[in-house]
Number of protein chains: 2
Amino acid sequence: MTDKRNDVDLELNALPATGSAVDVVVRQLRKLISEEGLKVGDSLPTERELCVRFDASRNTVREAMRILKAYGLVEVRPKIGATITDNRMARAFELFSFNTMEVSRKSFTDVQAFRDLIEVRSADRIFEELQDKDLAELREINANLADIRDIQEASEVDYAFHVRLISILGNNAILDVYSVMKPIILRIMQKGKTRRTFMTETYDEHEGVIDAMAARDRLAFEYRLRNHLMVGFKNFSDEMEGKA
Amino acid sequence: MTDKRNDVDLELNALPATGSAVDVVVRQLRKLISEEGLKVGDSLPTERELCVRFDASRNTVREAMRILKAYGLVEVRPKIGATITDNRMARAFELFSFNTMEVSRKSFTDVQAFRDLIEVRSADRIFEELQDKDLAELREINANLADIRDIQEASEVDYAFHVRLISILGNNAILDVYSVMKPIILRIMQKGKTRRTFMTETYDEHEGVIDAMAARDRLAFEYRLRNHLMVGFKNFSDEMEGKA
DNA sequence: TACGAGTCTTGGTCCAACAAATACAGAGAA
DNA sequence: TTCTCTGTATTTGTTGGACCAAGACTCGTA
C-alpha cells in the first residue's frame with residue numbers, strides 16, 4: 001500500500017504522489033492552510049472559489065472538505081462557510097468510542113475512579129479559575145432537577161452539572177473524554193435512583209458542592225463532591241451484586 | 001435489558017439525533033454494519049444500491065462514505081466496492097500528522113495538563129498499589145532508552161514508561177484514554193529533544209521518579225514527575241514560539 | 001477445458017439546477 | 001442619526017444525470 005508512508009507525511013511538503021482528485025484537493029487545502037498561516041477561527045474561501053482555484057468540480061471540493069471535517073480540522077456552517085478549527089482530539093476519541101465503551105463497560109468502577117481523579121483532585125485548579133458566572137450557571141443547571149419528568153432526563157441534568165463543573169478547568173481534552181464516557185456515566189447515575197432521589201438527594205448534594213465553592217472552602221468541596229460520587233457508585237455496586 | 005440491547009443504546013446515544021442528509025446516511029450505514037454484523041473484510045452494497053436503500057442521491061452517499069473512509073471504518077477500491085476495515089489506529093496517527101500548525105497548541109497544553117492530573121495527582125493511589133514487580137519493570141523499560149536508534153523509538157519507550165506507571169492504578173478507562181492520546185503524547189515527547197536528550201536527561205528523570213517510588217517518598221515522586229512533564233511542555237512551547 | 005474479445009458493472013469525476021438559510025444592503029420609521 | 005424591517009444575493013446542502021476508465025464478468029470459440 002502506498003499509504004504506508006506516514007513518516008513522510010509528517011513532513012509538511014509531502015510529495016505530490018498524485019492520487020485521486022479528492023486527495024489532490026485535500027493536499028492543496030492543507031498547503032493553503034499552512035502557507036496562508038490560517039489559525040483557528042479564520043475562514044476558508046467559498047466552495048466555488050476553491051473550485052476555480054484548484055480547478056476541480058464542486059463535488060470533488062466538497063468530498064475533500066468532508067475529509068477535513070471528519071478530521072476535525074475545519075467546521076462548515078451553511079451560508080457562513082468553512083472556518084479553521086481543531087477538534088482532532090474529539091475526533092480521535094470518537095474513533096475509539098466503541099473500543100472505549102466496550103472495555104469500560106466491564107469495569108464501571110474504573111470510570112467512577114476516573115471521575116474522582118478528574119473532578120475532585122483538580123480542586124485547586126478549579127478554585128483558581130472559578131468565577132461568579134460559573135456558580136450562577138451551576139445553580140441554574142441544578143435547579144432543573146426540580147422539573148424532571150423521568151430518570152433519563154434527570155441523569156442528563158446530573159451529567160450537565162458535572163460537565164459544567166469541569167468546564168471551569170478550560171481543558172478541552174478532559175471535556176472530550178467526558179463526552180465519550182457520557183453513556184456510561186449516565187447509566188451509573190441512573191442506577192439505584194428514582195425520580196424522587198434526583199429531586200431531593202442529588203439536588204441537595206449538588207447544592208452542597210456549589211455552596212462550598214461559593215465559600216471558597218476547598219476541603220468541604222472535596223469532601224462533598226467525593227461523597228456525592230461515592231453515593232452513585234454505591235448504588236451501582238449494590239445493584240450489580242444483587243443481580244449477580 | 002440484555003447486554004446486546006445496551007450496546008445498541010450506547011451506540012445510538014453516541015450519534016447525533018438529527019442532522020444533514022449526509023449525517024443521516026452515515027448513521028444508517030453504521031446501523032447497517034452493526035445490525036448485519038459485518039466483520040472486517042465483508043463487503044458493503046454498491047453506492048448505487050445504497051442510494052435506493054437510503055433514498056439519497058449518490059453524491060450524498062459518497063460524502064457519507066468519505067466520512068467512514070476518513071474514520072478508517074471502510075476501505076473503497078474502484079470496481080471492487082467498499083469493504084469493512086479497521087484502520088482507526090492509523091487514522092488517529094494521521095490526524096496529528098497534520099501538524100506544524102499553531103492550531104494544535106491548545107490541544108497539546110490540554111493534554112499535558114491532563115497527564116499531570118492523571119499521573120501526578122494519583123500518587124497516593126499509585127503508592128497504595130505499588131509492588132516490587134512494578135519497580136522492576138519500570139527500570140527495565142527505562143533501560144531501553146540506552147539502545148534507542150532514533151527519536152521515534154525513544155518516544156515509544158518514553159510512552160511505554162508512562163503507560164506502565166499508570167497501569168499500577170489498575171484502571172482500564174485511563175489506559176484506554178491514554179492509548180487514544182498516544183499520537184499526541186508521542187509528538188509532545190519528541191518536541192525539542194534529540195536522541196542524546198532521551199538517553200541522558202529523560203533517562204535520568206525517569207530513574208529519579210523510580211527512585212522516589214522505591215523510597216516510598218511521595219513528595220519527591222510528585223515533584224520529580226511534575227518537573228519531568230513540565231520539561232516536555234517547555235520544549236514544546238519553545239519550538240512553537242521559535243517558529244512563530 | 002482453456003482462452004480471449006466484448007460487455008457490464010462500479011467507483012471517480014463533473015455539470016447543472018434547485019432548496020434552504022442567512023448575511024448584507026437599502027429603504028423606511030422613530 | 002439610529003434602529004428595524006424587508007428583499008436580494010450569496011453560500012452551503014442536496015439532487016439527478018452524465019461520462020469515463022478500468023476491473024469483473026460472460027460467453028462463444030478453439
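Hydrogens, waters and symmetry mates are skipped; everything else that's a heavy atom, side chains included, is used. Convention: sequence-line order gives letters A, B, ...; per-chain numbering from 1.
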Tell me which of B/I80 and A/K69 sits closer to the 5' end of DNA chain D, going by the nucleotide each one is nearest to. A/K69
Value in whole Å for how far the [atom2] atom of [N] lies from [atom1] of [X]:
| X | N | atom1 | atom2 | answer |
| --- | --- | --- | --- | --- |
| B/L50 | C/dT10 | CG | C1' | 12 Å |
| B/R48 | D/dT15 | CZ | C1' | 15 Å |
| B/E63 | C/dG12 | CD | P | 14 Å |
| A/E47 | D/dT14 | CD | C1' | 11 Å |

Toward the 5' end of DNA chain C, which comes first, B/E49 or A/P78, by nearest nucleotide? B/E49
Closest to side chain of [X], choosing from [options]:
| X | options | result |
| --- | --- | --- |
| B/N59 | C/dC14, D/dG13, C/dG12 | C/dC14 |
| A/K79 | C/dG12, D/dG13, C/dT22 | C/dT22 |
| B/R58 | C/dG11, D/dG13, D/dT11 | C/dG11 |

Under 4.0 Å from OP1 or OP2 of [N]: is there any side-chain N or O of [X] that close?
| X | N | value |
| --- | --- | --- |
| B/R66 | C/dT13 | yes |
| A/T60 | C/dC14 | yes |
| A/R62 | D/dG13 | yes |

Basic-acidic side-chain contact under 4.0 Å: [X], [Y]:
| X | Y | result |
| --- | --- | --- |
| B/R195 | B/D150 | no |
| A/E201 | A/R196 | no |
| A/D211 | A/R139 | yes |

Distance-only donor-acceptor check, side chains B/S179 and B/D176, under 3.5 Å: no
